[in-house]
Amino acid sequence: QVRLVESGGGLVQAGGSLRLSCAASGGTFSQYTMGWFRQTPGKEREFVGTITRYRDTTTYADSTKGRFTISRDNAKNTVSLQMNSLKPEDTAVYYCAASVLAGLRTRATEYHYWGQGTQVTVSS
């Protein structure tokens, strides 16, 4: 059983930065593709970014690339999301997710394990 726990959410002013972390337990972390998604009430879960299992290849949604950076530390079983130049439209609950599939995965249906989410609120 894989457990994912997000942390680091909070309230930040527009233009500010925030770093989210996701701690994993159970399973073999280095063998999972990791992703970040976000969701607001009334909307479907939205892809934010993903990082591959071994080569740390990343890809991002058009709305976040250039501002957000995903990294992972397999020795510590953690993945992080560094968010810079935050905008009010970035406000959402952010979820960490793990996939047993290799390669870049951008759809929520491709992920098998999910964290509980952490709230990010960007004020204007």
Side-chain angles (χ1 to χ4, degrees):
Q1 184 177 1
V2 176
R3 186 189 181 204
L4 305 174
V5 180
E6 303 95 335
S7 63
L11 176 65
V12 64
Q13 288 185 314
S17 298
L18 206 60
R19 186 178 182 88
L20 306 182
S21 295
C22 174
S25 60
T28 304
F29 178 77
S30 62
Q31 295 184 1
Y32 294 116
T33 298
M34 300 299 297
W36 286 94
F37 292 78
R38 64 188 183 186
Q39 189 169 26
T40 56
K43 297 180 63 177
E44 293 187 356
R45 195 158 295 185
E46 176 188 16
F47 170 73
V48 174
T50 186
I51 185 167
T52 57
R53 300 187 298 186
Y54 301 116
R55 296 291 186 181
D56 289 350
T57 302
T58 57
T59 193
Y60 303 90
D62 288 341
S63 60
T64 62
K65 63 183 179 182
R67 300 186 297 121
F68 290 11
T69 302
I70 294 174
S71 61
R72 68 188 296 163
D73 188 337
N74 289 339
K76 297 181 178 180
N77 290 351
T78 59
V79 62
S80 65
L81 179 67
Q82 178 67 46
M83 304 184 293
N84 299 325
S85 302
L86 283 163
K87 306 174 182 179
E89 51 263 44
D90 294 319
T91 296
V93 176
Y94 283 72
Y95 295 91
C96 174
S99 174
V100 302
L101 303 174
L104 297 170
R105 301 292 171 175
T106 62
R107 298 189 296 271
T109 54
E110 296 177 308
Y111 288 80
H112 304 85
Y113 306 101
W114 294 84
Q116 81 291 340
T118 185
Q119 176 70 48
V120 172
T121 302
V122 184
S123 64
S124 60

Examine the side chains of [X] and [Y] and answer whether a donor and an acceptor come within less than 3.5 Å of each other.
X: Gln39; Y: Glu44; value: no
X: Arg19; Y: Ser80; value: yes
X: Ser17; Y: Asn84; value: yes

For a quick test of reading the model, state the closest non-hydrogen atom pair linking [X] to [Y] and the distance between them.
X: Ser30; Y: Arg72; result: CA-NH2, 3.9 Å
X: Thr106; Y: Phe47; result: O-CB, 3.3 Å
X: Ser63; Y: Arg38; result: OG-NH2, 3.5 Å
X: Pro88; Y: Ser124; result: CG-CB, 3.8 Å
X: Glu6; Y: Thr118; result: CB-CG2, 3.9 Å

Tell me if a side-chain donor or acceptor on [X] pairs with a main-chain N or O of [Y] at a distance below 3.5 Å.
X: His112; Y: Ser99; result: no
X: Arg105; Y: Ala102; result: yes
X: Gln31; Y: Thr28; result: no
X: Thr57; Y: Thr52; result: no

Practice task
Measure the OG1-CG distance between Thr121 and Leu11 for me, rounded to the nearest 0.5 Å.
Solution key: 6.0 Å

Handout entry: Point-to-point distance, once rounded to the nearest 0.5 Å, from OG1 of Thr64 to CD of Glu89
Key = 12.0 Å

Handout entry: Cation-pi geometry met for Arg53 and Tyr32 (6.0 Å, 45°)
Key = no

Problem - Aromatic centroids of Tyr111 and Phe37 separated by under 6.0 Å - result: yes

Is it the case that one hydrophobic cluster holds both [X] and [Y], taking links as side-chain heavy atoms less than 4.5 Å apart, direct or via other members?
X: Tyr95; Y: Leu4; result: no
X: Val79; Y: Val100; result: yes
X: Met34; Y: Trp114; result: no

Problem - Side chain proximity check, Phe29 to Val2, heavy atoms < 4.5 angstrom - result: no

Only one of [options] forms a side chain to side chain contact (heavy atoms under 4.5 Å, CB included) with [X], so which one is it?
X: Met83; options: Val122, Val12, Leu18; answer: Leu18
X: Tyr60; options: Thr50, Val48, Ile70, Ile51; answer: Ile70
X: Val120; options: Leu20, Thr91, Val93, Leu81; answer: Leu20

Exercise for the section: Give the C-alpha distance, both sets of side-chain angles, the deciding distance and a yes or no for side-chain contact (heavy atoms from CB on, under 4.5 Å) between Tyr113 and Cys96. Expected result: CA-CA 8 Å; Tyr113 306 101; Cys96 174; over 6 Å; no

